[in-house]
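The shown structure was predicted, so the numbers you read here are calculated from the model rather than taken from an experiment.
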Amino acid sequence: MTTWTRASYAAAVRGAPPVDDAMRELVAALRALERASGDEEARALEDRAFAILAEQGVHARRSRLSSAYGDVHRAAAAAREGDPFTSTWSRLMAGYCDGVEVGEDATNAAAGHALGLALASHPEVTATRAAEIAPPEWITDADLRGRRLAGGHFEVLAMADACRRGAGDADAARWHEACARAHLSADPGPLVDEQASWTAAQLRVVALLTHAAPQKHAAERAAAVVGATGAEVELLARLRDPERPMHDRLREAGAALAELRRAEADPETALLVLAGITRWLLQAKHFDPARVVASAARALSLELSAGQTEDSLGFLLDVHETFATSASSSSASRSVPVTRWSRAGGTASLLLALTAKLGVSRTRALFTSKKRATRLRRAELDALVETAATRLDALKGPLLKVAQQASTMGLELSPAIERRLIATRARGTPVPFEAIEACLERELGRPWPVFFRELEEAPIGVGSIGQVHAGQLHDGTEVAVKVRLPGIRDAIRHDLLHLSLLVPVAVVLRPKVDWRGIVAMLRESLLAECDYRREAAVQEAFRRHFADDPGLSVPRVVPECSTQGVLTMERVFGCTLGEVAEEAGFEERRRFGEALLRLHFAFVAGGYAWSDPHPGNYVFGEDRVHVLDFGCVPRWDAAVRLRWVRLGQAMMERDEAGLKRGIRELGFPVDADHFDYQEFVAKFHPDYYTDDVDEGGAALHSANIVTEQLRELFSRRSTNYHNVQIPPDLILGLRAFYGTLFVLSRLRVGIDPSRPSFRRAVEAAVLSAEAMATPPP
């Protein structure tokens with residue numbers, strides 16, 4: 001591991017003596033790169049600089065020295081100023097390494113447009129060719145813009161023309177018909193299904209088009225196209241290889257696009273490659289480069305169709321919806337409504353909006369076929385979720401927490417709505433910085449510049465209760481400053497008051513469930529999250545507990561800059577859950593998964609247990625998981641905690657008697673003497689819901705296990721339907737359990753009870769709980 005520090009590296013860049021020969025060589029490569037005279041020289045210097053960083057154990061996005069990667073790309077952008085596309089791509093790469101979004105601007109759009117025009121300058125693209133591919137007279141311009149036209153060679157238009165004329169050989173007509181069905185439904189399935197009939201050139205088109213499909217698992221379907229060869233097919237497969245670092249794949253994508261232009265590639269093939277790269281970038285949530293490539297696809301499509309359509313592949317409509325969803329999560333700042341009546345009005349407005357959408361969709365379903373009605377019901381659910389997520393993002397507080405929790409339940413929604421739900425937990429609508437400044441001054445007693453050298457206006461995180469801004473102390477320490485949203489405590493009290501009004505209705509539906517206890521637990525938990533002094537104390541307890549853990553780390557709190565409404569901590573750097581799941585190998589993902597299980601089973605001094613496995617609460621560094629946000633960490637009763645961890649141990653050891661005893665002692669049965677323990681034990685164990693295994697042979701659960709299990713345990717088909725409840729004091733424990741399963745499913749790793757490290761974690765949790773539950777002599 002390198003002994004370099006951020007300070008020593010920054011000093012060397014400014015001209016101070018480097019700490020060793022490797023740093024000296026890196027700084028020299030940076031300076032030479034800025035003066036590079038061509039792309040070939042620039043790429044060679046880039047490769048050398050990145051090799052030095054890799055030799056020193058520095059990774060892009062996962063190290064405090066990751067800014068060095070950004071410096072290399074900034075130098076490359078300066079060297080390539082004469083080439084709008086390659087310089088823009090280098091600038092986007094610098095933003096990726098710095099962990100920030102560059103944002104959509106005119107330079108990015110112009111670079112993508114220039115790339116598209118360059119790809120369209122192929123010798124075959126002439127005025128004659130443009131006339132040849134123009135649509136028949138009976139297809140209007142409105143038809144072109146209203147349909148999802150697609151095809152590597154504009155096969156939809158060719159097929160339509162052939163059908164009208166009644167001409168063409170049978171094989172060609174079959175190909176055109178399959179293309180038309182695939183393109184008009186935005187699903188390459190018909191092409192894949194008949195792959196045995198296609199030529200090598202047609203198979204290549206099938207594979208490339210499948211990579212660009214909006215459906216899930218498009219890459220797996222593309223790999224299933226047997227006999228599809230070509231550099232472009234291999235490129236898209238490499239870009240989707242999760243075993244390769246994301247930084248390397250992004251660099252290769254930029255280099256491949258530049259090479260397409262230099263090699264004067266066939267423009268229709270280039271269009272398919274642009275579509276496939278854009279789709280991959282969207283699925284990896286790298287929106288800035290995706291916008292550049294989509295802009296190139298739009299320009300190329302217009303050139304190839306002689307201005308008839310900007311979306312000849314039919315994928316840009318879906319792409320624009322994704323961009324709109326990502327942009328809506330960072331829309332104009334607004335204040336949180338905090339008075340009782342404003343909260344009630346916001347909730348009423350939400351209910352009215354949902355009712356209106358529900359009424360419209362149900363009315364439409366009355367006047368359509370049964371098959372069409374099924375599709376409308378799916379669209380109805382998507383519309384309801386979209387409306388709810390947008391309104392709750394403005395309200396913040398408990399209702400937004402519900403939406404965030406729903407994003408981790410594996411609901412079977414469309415990809416666009418799943419992205420919208422994920423956006424509620426990843427980046428909500430921020431509160432204006434002026435309100436944050438006022439909060440800081442009120443809490444700290446003086447203006448924030450007294451405490452911080454820098455404080456970024458744009459937040460790096462927006463939650464349901466707090467907003468986080470990156471900053472720097474006067475001694476140079478980089479920090480994350482979490483500020484409680486103004487008025488959020490009153491908002492929570494009002495929302496819970498409105499929720500308590502529904503308790504009598506819930507009691508009628510399920511009279512044996514302790515609804516009042518559940519609401520009281522929610523009130524206590526949510527208001528505790530508003531107390532940042534308590535959170536700082538809990539965070540320090542966890543930091544001490546995991547001080548020697550090889551795979552877990554908790555940031556240090558800065559007490560002199562923390563109050564009841566402000567929490568300042570050392571800033572950590574690394575990847576998100578989605579990024580590490582995408583680019584890390586199995587062994588690394590399994591190490592991370594075992595670290596998260598140790599966190600789940602830990603019983604920290606003071607009786608605290610981790611209960612907030614929100615995907616945004618983890619930052620994955622080079623060799624460890626940094627754990628954030630200790631607001632929702634309850635203090636467990638020692639006796640209840642002992643029963644809980646013993647239930648986990650019994651589950652691990654497949655101890656049926658221990659499972660039955662734990663279920664009874666913890667209070668899941670309403671009437672313990674008339675409870676069907678056999679059914680509950682079978683369906684309570686997570687392995688009941690999966691036959692899949694990970695690469696190590698451990699049971700691999702799907703992301704929607706929580707919905708599957710709740711459906712089984714609480715459905716009317718269950719013999720325990722009227723005799724099962726969720727004890728209020730276990731709700732946060734169950735949230736931690738299912739949330740951890742969700743995170744493990746995202747990492748694509750299972751729980752292997754036979755692994756010594758896992759058994760030790762469970763046994764340590766049991767011993768710790770026993771010690772705390774045993775009264776002193």
Side-chain angles (χ1 to χ4, degrees), residues 409-410 510 512-514 517-518 597 600-601 603 609 611 613 636-637 639-694 697-745 749-755 758-759 761-763 765-767 769-770 773:
M409 292 180 65
R510 297 294 292 270
K512 297 182 180 181
V513 176
D514 186 7
I518 290 174
L597 287 172
H600 174 66
F601 281 100
F603 198 22
S611 300
W636 283 65
D637 175 80
V640 174
R641 176 65 181 177
L642 177 58
R643 294 170 189 156
W644 180 251
V645 296
R646 280 178 174 169
L647 178 64
Q649 186 178 43
M651 186 184 298
M652 176 187 73
E653 297 176 350
R654 304 280 184 163
D655 177 5
E656 187 170 324
L659 280 168
K660 290 181 179 179
R661 183 174 59 253
I663 290 168
R664 183 185 185 108
E665 291 177 347
L666 287 168
F668 285 100
V670 177
D671 182 353
D673 295 331
H674 298 86
F675 192 76
D676 187 347
Y677 288 94
Q678 197 66 38
E679 181 200 45
F680 200 81
V681 165
K683 296 180 178 180
F684 185 78
H685 200 290
D687 291 359
Y688 174 84
Y689 302 91
T690 183
D691 293 321
D692 295 333
V693 295
D694 65 15
L700 182 62
H701 302 101
S702 65
N704 64 345
I705 180 175
V706 58
T707 53
E708 291 179 4
Q709 193 166 60
L710 291 176
R711 189 184 300 127
E712 288 283 344
L713 294 178
F714 294 93
S715 72
R716 291 184 177 275
R717 296 189 304 273
S718 170
T719 59
N720 291 314
Y721 175 68
H722 290 292
N723 197 16
V724 65
Q725 65 176 343
I726 299 179
D729 55 356
L730 292 184
I731 287 179
L732 293 181
L734 289 167
R735 175 190 179 188
F737 173 67
Y738 286 113
T740 300
L741 286 181
F742 173 81
V743 173
L744 293 178
S745 73
V749 296
I751 300 176
D752 185 358
S754 66
R755 287 183 67 82
F758 179 63
R759 300 188 74 86
V762 176
E763 290 164 1
V766 173
L767 290 174
E770 288 176 346

Inset, instruction - Heavy atoms only: give me the nearest W636-G733 pair and the separation to one decimal. - result: CZ2-CA, 3.7 Å
Inset, instruction - Would you mind reporting whether V762 and V645 have side-chain heavy atoms less than 4.5 Å apart? - result: no
Legend entry - 4.5 Å side-chain heavy-atom contact, F680 and T719: no
Inset, instruction - Determine whether the side chains of E656 and Q678 contain a donor N or O and an acceptor N or O closer than 3.5 Å. - result: yes
Legend entry - Interatomic spacing from CZ in F675 to CG in N720 - rounded to 0.5 Å: 4.0 Å
Legend entry - Rounded distance (nearest 0.5 Å) linking atom CG of D752 with atom CG of L700: 12.0 Å
Legend entry - Closest approach of G750 to A698 (non-hydrogen atoms, all atoms of both residues): C-CB, 4.0 Å
Inset, instruction - Give the intermediate values and the outcome of salt bridge (Lys or Arg N to Asp or Glu O under 4.0 Å) for residues R759 and E653. - result: CA-CA 10 Å; R759 300 188 74 86; E653 297 176 350; 3.7 Å; yes
Legend entry - Non-neighbouring partners of D729 that pass side chain to side chain donor-acceptor pair (under 3.5 Å), sequence neighbours left out: none
Legend entry - side-chain contact (heavy atoms from CB on, under 4.5 Å) partners of T740, counting only residues at least two apart: L597, H600, P613, L744
Legend entry - Polar side-chain atom of Q649 near backbone of E763 as donor-acceptor pair, under 3.5 Å: no
Legend entry - Heavy-atom closest pair, residues L647 and G662: CD1-CA, 4.1 Å
Inset, instruction - Drop me the distance from R643's CZ to I663's CD1, to the nearest 0.5 angstrom. - result: 14.5 Å
Legend entry - Distance, nearest 0.5 Å, that separates CZ of R661 from CZ of R664: 12.0 Å
Legend entry - Any side-chain heavy-atom pair of R646 and L642 under 4.5 Å: yes
Inset, instruction - Rounded to the nearest 0.5 Å, what's the gap from CZ on F742 to CZ on F737? Could you check? - result: 15.0 Å
Legend entry - Shortest non-hydrogen contact between I751 and P753, atoms and distance: O-CD, 3.3 Å
Inset, instruction - Determine the minimum heavy-atom distance between A736 and S611, stating which atoms define it. - result: CB-CA, 3.7 Å
Legend entry - Over all atoms of both residues, closest heavy-atom pair of F603 and A769: CD2-CA, 3.7 Å
Legend entry - Y677 side chain vs A672 backbone, donor-acceptor pair below 3.5 Å: yes
Legend entry - Spacing of N723 atom CG and S718 atom OG [to the nearest 0.5 Å]: 9.0 Å
